[in-house]
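Heads up, the thing below is written out as structure tokens.
Both counts, for ligands and for their atoms, begin at 1 and track the order of listing. Throughout, residue positions are numbered sequentially from 1 according to the sequence presented.
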Amino acid sequence: MIPVPANANDEPRKFPIPANVHAETVVSVKHHTDRLFSFRITRPQSFRFRSGEFVMIGLPNAEKPVFRAYSIASPAWDDELEFYSIKVPDGPLTSELQKIVPGDTILLRQKSTGTLVVDALKPGKRLWMIATGTGIAPFASLVRDPDTYDKFEEIVLTNTCRDVAELQYGDALFASVSQDPLIGELTEGRLSYYASTTREPSARNGRITDLISSGRLFADLGVPSFDPEVDRVMICGSLDMIRDVKELVEKAGLVEGSNAAPADFVVERAFVG
Ligand code: A2P
């Protein structure tokens, strides 16, 4: 019999690693609420991506493992890869993924892709990153990338969640970015963070769509409302949220862009399941 290679915990592998897939090691796991967790894994040297992109990940727990698209939450310069995930009790991947511990193996496909990249936007002055729930993940990558600050003078990250505990990942991200030795200085006076909750009272309440429609978002930040000459927008959340925010930015005259045809705003669905 051919010996089966051991994983980082030195347990024999029950299933082979599929061809053309990286087998990476879980470095750390953080459970934020009973619905949300984040984790970091080793990064293969050959794995390149643009901040804001997603990649397919899976677990080595079947002959043909389930792979799901996950936004990479760490910036392109980071030695490790970070992901931010919902836990779905009967989700095909997250029901198992939520049990990972340091030392476990994560499968990573080789190619990353996605539209929430600065290259899919025309130059502009102010970049809005509109996130609900785990939709903040690609923006966690972009706000930590110096490239984002090269291309835009101002960046506004909005984070809307059901309750206060769910805001924590975004709150901690914003706090850590300003302390970061690499980009802390770059973000000074240029990165704004705007959080709200919809199902529990907090400092600011309401769906981002209502905060946009009422003009409160702009009034609170002291900036004019969306203007195609000035503003670029990235949207990440549920399908309903994307549809509704998209309608609002289109009403303001912004045009949807893509990698092939950069324009004023881009959208991507936050991972579910
Ligand atoms: P709400 O609590 O009113 O549903 P989820 O965790 O379900 O993805 O939701 C994350 C956040 O997105 C919640 O605050 C939720 O508000 C909000 N949300 C859900 N649907 C929409 C939508 N169509 N437009 C704007 N925000 C939405």
#### Entry: Ligand-side contact atoms (ligand 1) for residue partner Thr160, heavy atom cut-off under 4.0 Å
11 (C), 14 (O)

## Note on the structure
Within 4.0 Å of some non-hydrogen atom of Arg199, the atoms of ligand 1 are 1 (P), 2 (O), 4 (O)

### Member of Tyr84, Phe47, Phe54 meeting the side-chain contact (heavy atoms from CB on, under 4.5 Å) criterion with Ile72
Phe47

### Message
I need the atoms of ligand 1 closer than 4.0 Å to a non-hydrogen atom of Thr209, numbered in the order shown.
### Response
24 (N), 25 (C)

### Query
Tell me, which protein residue and heavy-atom name are nearest atom 19 (C) of ligand 1, and how many Å apart are they?
Arg207 NH2, 3.6 Å

### Query
Under 4.0 angstrom from atom 8 (O) of ligand 1, is there any protein heavy atom?
no

### Task
Considering only NZ, NE, NH1 and NH2 on the basic side and carboxylate oxygens on the acidic side, decide whether Arg144 and Glu82 come within less than 4.0 Å.
yes

### Message
Below 3.5 Å, N or O to N or O, backbone or side chain included: is there any such pair between Arg243 and ligand 1?
### Response
no

### Protein residue, atom and distance nearest to atom 23 (N) of ligand 1, heavy-atom basis
Asp244 OD2, 2.8 Å

### Message
Under 4.0 Å from a heavy atom of Thr198: which atoms of ligand 1 are those, numbered in the order shown and with their elements?
### Response
1 (P), 2 (O), 3 (O), 13 (C), 14 (O), 15 (C), 16 (O)

#### Entry: Contacting atoms of ligand 1, where contact means under 4.0 angstrom from a heavy atom of Asp240
23 (N)

### Query
In terms of side-chain geometry, is the basic nitrogen of Asp79 or Arg43 positioned less than 4.0 Å from the acidic oxygen of its partner?
no

### Message
Whether the Thr160 and Ser196 side chains hold a donor-acceptor pair (N or O, under 3.5 Å, no angle test) is what I'd like checked.
### Response
yes

### Query
Parallel, tilted or perpendicular: which fits the ring planes of Trp128 and Phe218, with parallel below 30° and perpendicular above 60°?
perpendicular

### Arg35-ligand 1 polar pair, N/O distance under 3.5 Å
yes

### Query
Among protein heavy atoms, which sits nearest to atom 17 (C) of ligand 1, and what does the distance come to when rounded to 0.1 Å?
Thr132 CG2, 4.2 Å

### Query
Would you call the rings of His31 and Phe37 parallel, tilted or perpendicular, where under 30° means parallel and over 60° means perpendicular?
parallel

### Query
Do any heavy atoms of Cys161 fall under 4.0 Å from ligand 1?
yes

### Query
Honestly, is Arg232 close enough over Phe152, meaning NZ or CZ under 6.0 Å from the six-membered ring centre and within 45° of the axis?
no

### Message
Assess whether a salt bridge exists between Asp119 and Lys151, defined as any Lys/Arg side-chain N lying under 4.0 Å from an Asp/Glu carboxylate O.
### Response
yes

